[in-house]
Amino acid sequence: MAHPDKAFVIGVLREIAALLQLQGESVFKVRAYERAADTLDQLQGDLGARVEAGTLQALPGFGEAIATKVTELWTTGALGYHQALLKAFPRSLLAVCDVPGVGPKRAAALYHALGVVDRAGLQRACEAQQVRALPGFGAKSEAAILEGLASMGAQAARTPLAVARPVGEAWLARVRALPGIVRAELAGSARRWAETVGDLDIVASVSDGADPLPAMQAFSALPGVAKVLGSGATKTSVILDGGLQLDLRIVGETDFGTALHHFTGSKAHHVKLRGIAREKHLTLSEWGVHRIHKDGSAGAKLAVPDEAALYRALHMDFVPPELREDHGEIEAALAHALPRLVERDDLLGITHAHTTDSDGKDSVEDMARAAAALGARYLTITDHSPTASYAHGLTADRLRAQWDEIDRVNDLGLSVRLLKGAEVDILEDGSLDHPDAVLAKLEVVIGSIHQRHKMDADQMTARISKAFDNPHLHIWGHATGRLIGQREPYGLHMEALLDKAAAKGVAVEINGAPKRLDLSAAHARLAKARGVALVLSVDAHATAQLDNLRYAVATARRAGIEKRDVLTRLPAAKFVSHLHGMRR
DNA sequence: GCCGTTTTCGGCCCGACTGTTTTCAGTCG
């Protein structure tokens, strides 16, 4: 029979955790199921093979009980334990738990007392003023739930990093200029360069003992603040023009390091870190690192002026924010084996640029000048191929004409060299969209999918695999075709294709276009594990988008990519000869 | 339900905030 896929198993484990919460089960039992789901989320390699080999219990967070349940689920496609839980509570009640102001306890109470089974029922119960009569609820709770329901309908869940990050950086500059502010940094998922951001966080400090109130008040009064949600001694939350929420926290200088660390997250990173702290008889919070006495009471506070000191106190190496996801970085930091993450200054070249010859907004020369201004030593001009007619893809004749223009610009004496290339479509049958004779004359060939996205995964994998057989292909472009928040990735067997890319000497790009970030960090980890050569690219359709490099670098760093993994660390001539020489 | 160079049992991350309370439970990050 057909087995369920890994994502289905993960979904069932998380649903069990949520249903156990509704039942009021021990939070530790709930956490055990969530942890097992997290483990599978990060698992590389074939889950089915592991089930059949009976080695599930070797995974962290997998004991006898969960291993048995996952085995049942995998082999039969269903799990009796899960179905029994669903008899006690309808699945739609889980959506009620997600309403702001409602959690599992309250959802269960609403279900038992009022028969609320979904969000619509919750809305009706609030409007009928039935909720305020329940023990533990009141008129204010009822109003807060109604507001929570309204906010869920209104706002898009999360904001793309490329929208949120520049807003955060602009506000960071304003916060630093507030009266009495000593230090301020962006925190939260924006500092970790997560793909999407829920809200913005800024952590700032004033001198020890100084009153943060004047800065708080000045902040709330700044133009661009649409609404003040709440303001306390250490925290002010506002909605900005444009709808993003920004939380500003101000602490004394002494606590800045631990506060910045705390509000940078991620939660999973912190949870594990605190467990490690506990083993060392320390306790960790936004208010510092304290020793714990044998009787459990808090002892002396350690001096922790910055994040590096915090990690030192735990005998760990400093973990860069991009890695703080509990994806193995904690173990590596304890073993002093963290990767030395690639930095933007390590890169000499920028790849994947379009011009007005296809669907770009700026000319070859303008792109060159902009790349030079960014300090790049070379830029690959890679316009579309003929089949991409919507993008005015270049015919072979127009491509040759572009080479003349590139030669002319290269003779201007700019500090950047343009490389002749193309982003060729990988056609439906896996062939490339320029004749081999044309491709052979190019310095850089990126192969990408731009149409017929809806093939099944087997067909798509075969299509791309065939393209890898063409020795003129150098770089696999935006591998999954996803557009974050807009278009799902097309189905393909990523690990098999990365195996083949490694075997055939095809490089893979980490496309830094903010909507793509493709390879994702998770996929880039898989590529690195196989020794696949990587290229950090910008997919720029205008001069301003050459700066997409920052998002490509961030994605690479989130994947633990080092300088040596990235081909654009090489000077232009070596970059080209390497691309050609590694093809097998 | 998982886990173990201080434990095979007794732990399991931390604190703020809110509303409903009269000492705390639930939610949130």
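Reckoned from all heavy atoms, side chains included, excluding hydrogens, waters and symmetry mates. Letters A, B, ... are given to chains in the order of the sequence lines, protein chains preceding strands, and every chain is numbered from 1.
Taking the side chain of A:Lys105 as heavy atoms from C-beta on, and the options B:dG1, B:dA16, B:dG26, the nearest nucleotide is B:dG26. The listed nucleotides are B:dG1, B:dC17, B:dC14; the one nearest the side chain of A:Ala65 is B:dG1. The A:His262 side chain lies nearest to B:dG29 when the options are B:dC17, B:dG1, B:dG29. When the nucleotides B:dT20, B:dC14, B:dC13 are ranked by their closest atom to the side chain of A:Arg274, B:dC13 comes out on top. Here the nucleotide nearest the side chain of A:His281, chosen from B:dG26, B:dG1, B:dT6, is B:dT6. Set against B:dG26, B:dG1, B:dC13, the side chain of A:Arg31 has B:dC13 as its closest nucleotide. Among the nucleotides B:dT27, B:dC14, B:dA16, the one closest to the side chain of A:Ser285 is B:dC14. The nucleotide whose nearest atom lies closest to any side-chain atom of A:Glu286 is, among B:dG1, B:dT27, B:dG15, B:dG15. Relative to the side chain of A:Ala32, the nucleotides B:dC2, B:dC13, B:dG26 differ in distance, and B:dC2 lies closest.
Atom NZ of A:Lys301 has more than 12 heavy atoms from other residues, nucleotides or ligands within 6.0 Å. Summarising the local packing, CD of A:Glu331 is surrounded by more than 12 heavy atoms from other residues, nucleotides or ligands at distances under 6.0 Å. Summarising the local packing, CZ of A:Arg340 is surrounded by 12 or fewer heavy atoms from other residues, nucleotides or ligands at distances under 6.0 Å.
Among residues two or more places apart in sequence or in another chain, the salt bridge (Lys or Arg N to Asp or Glu O under 4.0 Å) test is passed with A:Asp241 by none.
Ranked by how close their nearest DNA chain B nucleotide is to the 5' end, A:Leu284 and A:Asp199 are led by A:Leu284. Between A:Pro60 and A:Glu142, it is A:Pro60 whose nearest contact on DNA chain B lies nearer the 5' terminus.
Residue A:Arg278 places at least one side-chain N or O under 4.0 Å from the OP1 or OP2 atom of B:dC12. A sub-4.0 Å separation between OP1 or OP2 of B:dT20 and a side-chain N or O of A:Ser141 is present. Residue A:Lys267 has no polar side-chain atom (N or O) positioned under 4.0 Å from OP1 or OP2 of B:dC28. Contact annotation: A:Arg249 does not reach the phosphate of B:dG29 (side-chain N/O to OP1 or OP2, under 4.0 Å).
Within 4.0 Å (heavy atoms only), A:Pro135 reaches no atom of the nucleic acid at all. Residue contacts for A:Lys140: at a heavy-atom cut-off of 4.0 Å it reaches the sugar-phosphate backbone alone, with no base atom in range. Across all strands shown, A:Val99 has heavy atoms under 4.0 Å from sugar-phosphate atoms exclusively, and none from any base.
Nucleotide B:dT8 forms no Watson-Crick or G-U wobble pair with any nucleotide shown, as no partner meets the under 3.5 Å limit on both distances.
The aromatic rings of A:His270 and A:His261 sit parallel, their planes meeting at an angle under 30°, below the 60° perpendicular limit.
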